[in-house]
Amino acid sequence: MSTSVSSNTLTPQFIPQAYAGDSQEPVKPPRGRIDSIDLLRGIVMVIMMLDHTRDFIHNAVFRFDPLDPSMTNPALFFTRWITHFCAPTFVFLAGTGIYLQFARGKSKPELSRFLLTRGLWLIFLELTLVRLGVTFNVDPRFLMMMQVIWVIGVSMILMAGLIHLPLKVIGAVGLIMIALHNLTDGVQVQVWRGPGSPVPGIGAKLWMILHQPGVVPIDGFPSPLIVILYPLIPWIGVMAVGYVFGSLYQKKPSERKLWLLRIGTIAVVLFFVIRGINIYGDPNGWSTQGRGLIYTALSFLNTTKYPPSLLFLLMTLGPAILALAWFEAGDAKPPTGLRKFFVTFGRVPLFFYVLQWFTAHLISLGLHFAFGKQTAWLFQTPLDWFGNPPTMGFNLVVAYLAWIAGVLLLYPLCRWFAGVRQRRKDWWLSYL
């Protein structure tokens, strides 16, 4: 899920003086889109909508974790697992887009101001319009839900300062955060578990914002609740590494492709090696499953997203970077066909992200109403479900059909808005 800085720019020809170190003044390429980046972003956005559609429609959403090898089946597991690629790719490419804005000619002070205001804007949207699309409810007791847009917003605000450091320092900060944050997995604070349970203290609340998901009442229940799904660490590091990664787009295409292949392959190999050792990199190790070899493989792939473990990020960003190398072959000519379809979504990430919540929610409402199923829960928040989860949903096939319908409904709108952004250069369009 997500948005990203979408001003990804690239000169189509090799620049002889292209970036080769820690220069704070990269060569400024002419304005233009990098279709391979938009293509990858568009694909993962469409996949993201599958996950959100499943949340509103599938009949097992409130019954068990689709990634639990003891409860799931392969079709449901991979329906959820494939969506793991979305958030890391969004955040990573957001960092890449920041660097490309700098390379295009925006000064560091200008870029810092933009990141500060864009970050605050994203946090505001997360707490208002996105929340409304998720819940169709304005109950003040459910104060806010900190998801991927919140974490991108905060990360952008912090990047406003980080971009003034040398690239090597920014990269080191990001990689250290990604590689070592699992050393703190043993630090677990008391979380709120519902009415009657103790309210976490200030220190515990701060730790949940940084590294441990949880539900936090401001005071005691039923005071307003904050749901923290995306703690900040290591997402800040993912954006920082994505920023440094952006410097590769000032290299000769053949040289850049080689770097992409190397980086992606190393990440994938590291995932299999570290996961196979089963000691570090994820708070939940894999185990042999009594249901058969396929379920043992599912256990191996079931890494932790909240917060994203080192293995989760290697598993997702490695293939994403390899995909960028593969997609780059089409950058020499305007996108057509299926490539154009996905590139369109990738050029308007925030616009699509907000609309897909409302679209998936409305499709679910229409289906539940048409088939005489309960609809009240679609206007409620989790506060209304304590001890009484709603009875809802359809089978996985219906969820897939609803997802396809939603994507097709949004395509004309996204194509229209992408055209507006291409024709007009109003400052406010950079915030959408």
Side-chain angles (χ1 to χ4, degrees), residues 1-8 33 35-58 61 79-80 82-87 89-91 93-94 97 121-122 125-126 128-136 145 147-149 152 327 334-370 378 394 396-424 428-432:
M1 324 168 186
S2 143
T3 181
S4 57
V5 177
S6 58
S7 299
N8 43 336
R33 301 293 309 188
D35 286 338
S36 55
I37 290 179
D38 285 333
L39 175 59
L40 177 60
R41 184 187 291 120
I43 290 172
V44 295
M45 287 170 62
V46 168
I47 293 172
M48 171 198 65
M49 189 175 181
L50 169 61
D51 193 39
H52 297 160
T53 305
R54 181 189 61 82
D55 284 338
F56 285 119
I57 290 177
H58 190 228
V61 166
T79 298
R80 170 57 174 151
I82 194 65
T83 67
H84 278 348
F85 289 83
C86 302
T89 304
F90 291 150
V91 179
L93 292 182
W121 169 242
L122 292 178
L125 286 180
E126 180 76 272
T128 54
L129 196 58
V130 173
R131 178 197 180 282
L132 180 63
V134 174
T135 64
F136 281 5
M145 186 160 50
Q147 299 190 91
V148 72
I149 299 299
I152 291 177
F327 294 157
T336 58
L338 195 59
R339 183 182 179 99
K340 181 179 180 181
F341 179 81
F342 288 110
V343 164
T344 298
F345 291 120
R347 288 180 174 174
V348 289
L350 182 57
F351 185 77
F352 176 87
Y353 180 82
V354 173
L355 287 183
Q356 58 87 35
W357 279 115
F358 287 91
T359 303
H361 204 153
L362 285 169
I363 288 174
S364 176
L365 178 62
L367 284 172
H368 281 79
F369 180 80
L378 287 162
F394 302 84
L396 198 58
V397 172
V398 175
Y400 269 90
L401 292 174
W403 164 59
I404 293 170
V407 171
L408 294 178
L409 284 171
L410 287 178
Y411 179 73
L413 288 173
C414 290
R415 184 178 178 181
W416 164 78
F417 189 63
V420 171
R421 294 194 63 175
Q422 185 176 15
R423 293 189 301 271
R424 299 177 56 174
W428 55 269
L429 286 173
S430 63
Y431 289 83
L432 298 175

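- Looking at heavy atoms from C-beta onward, Arg41 lies out of side-chain contact with Thr89 at the 4.5 angstrom threshold.
- Aromatic pair Tyr411/Phe345: ring centres closer than 6.0 Å.
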Stepwise side-chain contact (heavy atoms from CB on, under 4.5 Å) test for Trp121 and Leu432:
CA-CA 10 Å; Trp121 169 242; Leu432 298 175; 4.3 Å; yes
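- Between the CG atom of Leu401 and the CD1 atom of Ile363 there is a distance of 10.5 Å, given to the nearest 0.5 Å.
- Rounding to the nearest 0.5 Å gives a distance of 12.5 Å between SG of Cys414 and CZ of Arg347.
- Remark: Phe369 CZ is loosely packed, at most 12 non-hydrogen atoms of other residues, nucleotides or ligands lying under 6.0 Å away.
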Between Thr83 and Arg80, does a side chain to side chain donor-acceptor pair (under 3.5 Å) hold up when you go through it step by step?
CA-CA 6 Å; Thr83 67; Arg80 170 57 174 151; 3.2 Å; yes
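- With respect to Asp35 and Arg339, no salt bridge is recorded, no charged nitrogen being found less than 4.0 Å from a carboxylate O.
- Applying side-chain contact (heavy atoms from CB on, under 4.5 Å) to Phe327 and the options Val343, Ile43, Ile37 leaves one that passes, Ile43.
- Below 30°, between 30° and 60°, or above 60°: for Phe56 and Trp357 the angle between ring planes is above 60°, a perpendicular geometry.
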Is there a side-chain contact (heavy atoms from CB on, under 4.5 Å) between Val348 and Trp416? Walk through the geometry before answering.
CA-CA 10 Å; Val348 289; Trp416 164 78; over 6 Å; no
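- Side-chain atoms of Thr135 come within 3.5 Å of backbone atoms of Arg131 as a donor-acceptor pair (strictly under, hydrogens ignored).
- In this structure, the side chain of Glu126 engages the main chain of Ile149 through a donor-acceptor pair within 3.5 Å.
- By the 4.5 Å heavy-atom criterion applied to side chains, Phe90 and Met48 are counted as neighbours.
- Residues Pro335 and Leu39 form no side-chain contact, since every pair of their non-hydrogen atoms from C-beta on lies 4.5 Å or further apart.
- Checking side-chain atoms of His52 against main-chain N and O of Gln356 turns up no donor-acceptor pair under 3.5 Å.
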Going through the distances and angles, do Tyr400 and Leu396 end up as a side-chain contact (heavy atoms from CB on, under 4.5 Å)?
CA-CA 6 Å; Tyr400 269 90; Leu396 198 58; 3.8 Å; yes
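- Aromatic ring centroids of His58 and Phe394 lie 6.0 Å or more apart.
- The side-chain heavy atoms of Leu350 and Leu122, taken from C-beta on, include a pair separated by under 4.5 Å.
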Intermediate values then yes/no, side-chain contact (heavy atoms from CB on, under 4.5 Å), Phe342 and Val46
CA-CA 8 Å; Phe342 288 110; Val46 168; 3.9 Å; yes
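- Among the candidates Ile57, Thr53, Thr359, the single residue satisfying the side-chain contact (heavy atoms from CB on, under 4.5 Å) test with Trp403 is Thr53.
- Nearest heavy atoms, Gly346 versus Pro349: O-CD, 3.6 Å.
- For the atom pair CE (Met45) and CG (Leu50), the distance works out to 14.5 Å, reported to the nearest 0.5 Å.
- Listed here is the closest heavy atom pair of Leu378 and His361: O-NE2, 2.7 Å.
- Distance check, rounded to the nearest 0.5 Å: CZ of Phe85 to CG of Leu40 gives 10.5 Å.
- Of all non-hydrogen atoms in Ala402 and Leu367, the two that sit nearest each other are CB-CD1, 4.2 Å.
- Atom OG1 of Thr344 sits about 11.5 Å away from atom CZ of Phe352, to the nearest 0.5 Å.
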